[in-house]
> 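Once you've had a glance at the structure underneath, I'll fire off some questions.
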Amino acid sequence: MLGRMRVVVQRVSRGEVRVEGQVVGQIGRGLLVLVGFAGMDTPEVGRGLAEKIVNLRLFDNEQGRMDRSILEAGGGVLVVSQFTLYGDCRKGRRPSYSQAASPESARPLYQAFVNSMQDFLRGSQVSLSEGRFQAMMEVESVNDGPVTLLLDSEKTF
């Protein structure tokens, strides 16, 4: 599979995104999904990761064991674009973002990813919310657990 999309998934008790002081996306219990794209990513890579995310068993069952997906547990998914997932800090003190997709390339990939999430959540009791692409956002979340996973399409498939 070509592409190298990166995603940070956090199980949260709540999450909210504000742009210029206005709430543009929020969820209660669920998943905060921070997503970054590389130049060679494709919508198919995003679709594969979206399917993986909605089926990850990150929520507790009756025995307190992480054995339920967001589809089974219910709640919300908050998707936020974050090119800084491609910050390369190997040289100097200023991260390089040369591997990140340009905004013109990333915008349709982001929208395709959100559309894929909608497809996989359709018919469930899970709400989908999102930040605003290429906006300066304030992202607030309360990590539950904490449970945080890093998914890299190159290592996931």
Side-chain angles (χ1 to χ4, degrees), residues 2-56 58 70-71 74-122 124-156:
L2 294 174
R4 182 130 192 228
M5 191 172 147
R6 289 182 182 162
V7 180
V8 173
V9 178
Q10 292 186 320
R11 186 178 73 183
V12 298
S13 54
R14 64 181 169 82
E16 183 175 280
V17 179
R18 289 180 296 282
V19 175
E20 297 179 3
Q22 299 295 314
V23 174
V24 297
Q26 68 183 101
I27 60 169
R29 182 173 171 257
L31 298 176
L32 172 60
V33 178
L34 307 172
V35 58
F37 302 94
M40 67 281 223
D41 279 330
T42 65
E44 293 76 26
V45 170
R47 187 164 185 81
L49 276 176
E51 182 176 21
K52 180 79 156 182
I53 291 163
V54 301
N55 289 293
L56 284 172
L58 301 177
I70 188 75
L71 295 171
V77 175
L78 177 57
V79 179
V80 177
S81 65
Q82 189 163 355
F83 77 93
T84 60
L85 292 176
Y86 275 93
D88 183 346
C89 300
R90 289 179 288 183
K91 295 181 182 176
R93 289 180 265 178
R94 180 175 300 174
S96 168
Y97 300 104
S98 63
Q99 296 301 309
S102 69
E104 298 78 27
S105 298
R107 184 180 300 276
L109 293 170
Y110 173 77
Q111 195 54 58
F113 178 76
V114 170
N115 292 344
S116 293
M117 291 294 288
Q118 288 172 331
D119 290 346
F120 291 118
L121 296 173
R122 190 167 285 117
S124 73
Q125 297 298 312
V126 180
S127 65
L128 179 66
S129 193
E130 60 182 297
R132 187 171 298 153
F133 186 85
Q134 208 177 358
M136 180 59 85
M137 295 176 274
E138 292 179 356
V139 180
E140 183 177 341
S141 66
V142 178
N143 196 325
D144 179 28
V147 175
T148 302
L149 298 173
L150 173 61
L151 302 178
D152 183 318
S153 63
E154 188 172 85
K155 298 174 184 171
T156 301

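In what follows, every heavy atom counts, from backbone to side chain, and hydrogens, waters and symmetry copies are set aside. From a predicted model like this one, the values you see are computed outputs, not experimental measurements.
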> In chain order, what residues pass the side chain to side chain contact (heavy atoms under 4.5 Å, CB included) check against A112, with sequence neighbours excluded?
P43
> Please identify each residue that fulfils side chain to side chain contact (heavy atoms under 4.5 Å, CB included) with Q10, with sequence neighbours left out.
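So Q10 forms a side chain to side chain contact (heavy atoms under 4.5 Å, CB included) with V8, V12, L32, S141, N143, T148.
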> Take N55 and L71, measure what side-chain contact (heavy atoms from CB on, under 4.5 Å) needs, and give me the verdict at the end.
CA-CA 7 Å; N55 289 293; L71 295 171; 3.7 Å; yes
> Within a strict 4.5 Å, meaning less than it, do heavy atoms of the I27 and V77 side chains meet?
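Answer no - side chains too far apart.
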> Would you compute the distance between atom CG of L128 and atom CE of M117 and round it to the nearest 0.5 angstrom?
6.0 Å
> Taking all non-hydrogen atoms of both residues into account, name the closest pair between V139 and V80 and its distance.
CG2-CG1, 4.1 Å
> Once the angle between the rings of F37 and F113 is folded into 0 to 90°, is it parallel (under 30°), tilted (30 to 60°) or perpendicular (over 60°)?
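Because their plane-to-plane angle is over 60°, the rings of F37 and F113 count as perpendicular.
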> Output the distance between atom CG (D41) and atom CG (L49), rounded to the nearest 0.5 Å.
8.5 Å
> Can you run down the salt bridge (Lys or Arg N to Asp or Glu O under 4.0 Å) pairs that involve residues 7-36, sequence neighbours left out, and say none if there aren't any?
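Qualifying pairs, neighbours excluded: R11-D60, R11-D144, R14-E140, E16-R18, R18-E138, R18-E140.
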> Using the test salt bridge (Lys or Arg N to Asp or Glu O under 4.0 Å), find all partners of E130 that sit at least two apart in sequence or belong to another chain.
none
> Taking salt bridge (Lys or Arg N to Asp or Glu O under 4.0 Å) as the test, write out the residues that go with D119, two or more places apart.
R47, R122
> Give the minimum heavy-atom separation between F133 and S81, together with the two atoms involved.
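Closest heavy-atom pair between F133 and S81: CD1-OG, 3.6 Å.
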> Does atom CD (Q125) have a neighbourhood of more than 12 heavy atoms from anything else shown, all under 6.0 Å?
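It does not: Q125 CD has 12 such atoms or fewer within range.
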> Find the distance between CZ (F120) and NZ (K52) and round it off to the nearest 0.5 Å.
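Between atom CZ of F120 and atom NZ of K52 there are 12.5 Å.
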> Can you tell me if CD on Q99 sees more than 12 non-hydrogen neighbours from other groups inside 6.0 Å?
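It does not: Q99 CD has 12 such atoms or fewer within range.
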> Are side-chain heavy atoms of L151 and L56 found at a separation under 4.5 Å?
yes
> Can you name the residues that form a side chain to side chain contact (heavy atoms under 4.5 Å, CB included) with P95, not counting sequence neighbours?
C89, Y97
> Could you state the interatomic distance from CG (L109) to CD (E44), rounded to the nearest 0.5 Å?
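Going from CG on L109 over to CD on E44, the span is 9.5 Å.
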> Give the minimum heavy-atom separation between V126 and G74, together with the two atoms involved.
CG2-CA, 4.1 Å
> Excluding sequence neighbours, so at least two apart, what forms side chain to side chain donor-acceptor pair (under 3.5 Å) with R132?
none
> Specify the closest pair of heavy atoms between R6 and D152, including all atoms of both residues, with the distance to one decimal.
NE-OD2, 3.7 Å
> Could you tell me which residues satisfy side chain to side chain donor-acceptor pair (under 3.5 Å) with S105, sequence neighbours excluded, listed by chain and number?
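By the side chain to side chain donor-acceptor pair (under 3.5 Å) rule, S105 matches S102.
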> Tell me every residue that passes side chain to side chain donor-acceptor pair (under 3.5 Å) with T84, counting only those two or more places apart in sequence or in another chain.
Q82
> Applying salt bridge (Lys or Arg N to Asp or Glu O under 4.0 Å), name anything that partners R90, two or more places apart in sequence or on another chain.
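Partners of R90 under the salt bridge (Lys or Arg N to Asp or Glu O under 4.0 Å) test: D88.
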> Can you name the residues that form a side chain to side chain donor-acceptor pair (under 3.5 Å) with Q26, not counting sequence neighbours?
none
> With sequence neighbours excluded, give me every salt bridge (Lys or Arg N to Asp or Glu O under 4.0 Å) pair touching residues 99-108.
none
> What's the shortest heavy-atom distance between G36 and L85, and which atoms?
N-CD1, 3.6 Å
